[in-house]
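Okay, so here's the structure we're looking at.
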Amino acid sequence: MTAAPVFDKGLANTIAAETQCSFIDGAKGILEYVGYDIDALARNASFEETVFLLWERRLPTRTELAELERSIRAEYDLPPAVWQMIREMPRTAHPMHMLRTVVSALGVHDPEADDNTVEANRRKSIRMLAKAPTIVANFDRHRKGKPFVKPDPSLGLAANFLQMLNGGRSTDAVARALDVCLVLHADHGLNASTFAARVTISTLSDMYSAITTAIGTLKGPLHGGANEEVMHMLNEIGSIGNVEPYIMGRLSRKDRIMGFGHRVYKAYDPRAGYLKTFAQRIAADTGNQGLYEMSTRIEEVMRREVAAKGIYPNVDFYSATTYHSIGIDLDLFTCMFAISRISGWTAHCMEQLETNRLIRPMAEYVGPHGQEWVAIGDRR
Ligand code: ACO
């Protein structure tokens, strides 16, 4: 017997999948990937190690990690037609529109696109994860009229991205700052884009279609776009002296402060703690101390005014400062989120296929019934 359907707008109270990828306790401020606390991962794991964890649901040995790194690096480069496609992109295109379109095109050039075996899906996951940084960095070069920089397989994913973006080797500290941001954004339960990816793969479509769906879903300002908004706000505030009047003004008008609050976390977002330390270090190293000081001042005012409501900085607040300090343009911030989240999306798709059932909820019909047919000439 099937249970009576329940109307749950936004699905906020619906458990639609079982997962072993990540666990969230919003009241206590806990996030774990496969049972490992996010803070421990951010302090100790590389992004590639985190990818292995999400895909295999255990930490790699040294040999296994080296093998995964080797196979990711071997896939950094793009098919010639995809390089050409980036060359032909309008320079004004939003990077998320561009990324969604080019990731979709990768499927056209992959003979394995429709092979849904475990092995083929793993290879395609590696390809998308490895190629996304090449696509984003080189689109940024293209729109700025700079020549492409080919990926460098001697570098890890974060350092390789920065080298393509900037045309020169970044310091280890800067590469590690990006690496930490990638670890922190890799997975987060059944959020909207992960759900969208699982819906697509549950039809037995293909991994490229699922990740294209997910990128389109992440693009929305209610989901992945908040870190851009944080940077806009910091630019608008402009100086530390303006923090107090700006924040108090917004709060008195009941406007939201970007980078604060979370639907799930009512305690300090566990991803924000270590990132704050990192943002401080990297801001100091790159001469962006003013930005960091402005951020901590905002946090102080917010703590005084609204912490009692369970509103604390979320992951986007200090990732904005970090991305800016390492020289990533504001409109690439959501692409950075996508590059990282490809690991979680692909992990969830492969998990979905292990025990697949088509995801197909129902809608409550609220329109009219029993209408009389009217010939087209008689309609008004
Ligand atoms: N600034 C000021 N007040 C806030 C904020 C904020 N950022 N967030 C919530 N509040 C207040 C609300 O005004 C409300 O106050 P009231 O009870 O006096 O009316 C109370 O806190 C509860 O707000 P809700 O809307 O019920 O909280 P909800 O859980 O729906 O909101 C959300 C979560 C959407 C993330 C919200 O906090 C927000 O808009 N934050 C700013 C945008 C942002 O940073 N988003 C990124 C989230 S993290 C991520 O997606 C990776």
Side-chain angles (χ1 to χ4, degrees), residues 8-13 21-22 24-27 29-31 33 38 42 96 180-197 214-237 243-276 279 295 297-324 330 332-345:
D8 178 15
K9 192 168 183 179
L11 305 180
N13 293 304
C21 296
S22 54
I24 304 165
D25 183 331
I30 294 172
L31 169 63
Y33 297 165
I38 191 65
M96 283 296 281
V180 169
C181 288
L182 296 177
V183 170
L184 293 173
H185 285 91
D187 198 46
H188 206 240
L190 200 61
N191 58 86
S193 57
T194 302
F195 181 58
I215 295 171
T217 308
L218 182 71
K219 179 175 164 289
L222 292 187
H223 189 5
N227 51 16
E228 279 189 42
E229 296 303 325
V230 173
M231 202 59 225
H232 281 303
M233 177 180 77
L234 291 169
N235 286 338
E236 221 176 299
I237 296 176
V243 167
E244 176 96 22
Y246 180 94
I247 299 294
M248 295 310 287
R250 279 190 80 98
L251 290 179
S252 69
R253 292 190 300 275
K254 297 235 163 256
D255 288 343
R256 299 287 162 113
I257 307 300
M258 290 298 135
F260 282 80
H262 196 278
R263 173 59 58 82
V264 179
Y265 297 119
K266 299 304 170 195
Y268 209 98
D269 183 331
R271 299 167 295 180
Y274 185 56
L275 194 58
K276 180 178 174 182
S295 305
R297 182 77 195 112
I298 296 171
E299 189 182 339
E300 278 165 26
V301 176
M302 287 296 280
R303 196 176 277 273
R304 189 187 70 212
E305 297 297 323
V306 293
K309 286 189 197 171
I311 299 162
Y312 295 95
N314 58 48
V315 67
D316 288 321
F317 190 60
Y318 286 106
S319 58
T321 314
T322 308
Y323 287 149
H324 179 81
L330 203 158
L332 295 183
F333 287 7
T334 314
C335 286
M336 302 317 299
F337 193 158
I339 288 172
S340 164
R341 191 56 66 83
I342 288 174
S343 61
W345 291 329

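Both counts, for ligands and for their atoms, begin at 1 and track the order of listing.
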Ligand 1 to Phe260 polar contact by distance, N or O atoms, under 3.5 Å: yes

Option of least heavy-atom distance to atom 49 (C) of ligand 1 (set: Asn314, Leu222, Val230, Asp316): Asp316

Polar proximity ligand 1 side, Arg263 side, N/O cut 3.5 Å exclusive: yes

Enumerated ligand 1 atoms positioned under 4.0 Å from heavy atoms of His223: 50 (O)

Straight-line distance of Arg341 CZ to Ile215 CD1, nearest 0.5 Å: 12.5 Å

Shortest heavy-atom approach to atom 32 (C) of ligand 1 - which of Arg271, Met302, Arg256, Met233: Arg256

Distance (rounded to the nearest 0.5 Å) between His185 NE2 and Leu218 CG: 9.0 Å

Heavy atom of protein inside 4.0 Å of atom 16 (P) of ligand 1, strictly below: yes

Minimum-distance pair of heavy atoms, taken over all atoms of Ile38 and Val183: CD1-O, 4.1 Å

Where Ala279 and Thr321 come nearest, the two heavy atoms and their spacing: CB-CB, 4.4 Å

Within 6.0 Å of CZ in Arg250, more than 12 heavy atoms from elsewhere: yes

Ring pair (Phe, Tyr, Trp, His ring centres under 6.0 Å) between Tyr265 and His188, intermediate numbers included: CA-CA 12 Å; Tyr265 297 119; His188 206 240; 5.4 Å; yes

Subset of ligand 1 atoms that lie under 4.0 Å from at least one heavy atom of Gly259: 43 (C), 44 (O)

Atom 11 (C) of ligand 1: any protein heavy atom closer than 4.0 Å: yes

Protein heavy-atom partner closest to atom 19 (O) of ligand 1 - residue, atom, separation in Å: Lys254 NZ, 4.7 Å

Residue and atom name of the nearest protein heavy atom (relative to atom 48 (S) of ligand 1), distance in Å to one decimal: His262 CD2, 3.3 Å

Nearest-0.5 Å distance, CZ of residue Phe195 to CG of residue Leu11: 5.5 Å

Polar proximity ligand 1 side, Lys266 side, N/O cut 3.5 Å exclusive: yes

Proximity of Glu229 to ligand 1 by residue part, where a heavy atom lies under 4.0 Å: neither

From Ile247 atom CD1 to Glu305 atom CD, the distance as rounded to the nearest 0.5 Å: 10.0 Å

Non-hydrogen protein atom less than 4.0 angstrom from atom 37 (O) of ligand 1: yes

Pairwise distance SG(Cys335) to NZ(Lys219) - rounded to 0.5 angstrom: 10.5 Å

Which residue and heavy atom of the protein sit nearest atom 18 (O) of ligand 1, plus the separation: Lys309 NZ, 2.9 Å

Identity and separation of the nearest protein heavy atom to atom 42 (C) of ligand 1: Met258 SD, 3.7 Å

4.0 Å heavy-atom contact, Glu305 with ligand 1: no

Closest protein heavy atom (residue, atom, distance) for atom 45 (N) of ligand 1: Ala226 CB, 3.5 Å

Short N or O distance, Ile257 and ligand 1, threshold 3.5 Å exclusive: yes

Distance-minimising heavy-atom pair for Leu184 and Tyr33: O-OH, 3.2 Å

Which atom of Met258 lies closest to which atom of Phe317, heavy atoms considered: O-CD1, 3.9 Å

4.5 Å side-chain heavy-atom contact, Tyr323 and Met231: no

Ile311 heavy atom under 4.0 Å from ligand 1: yes

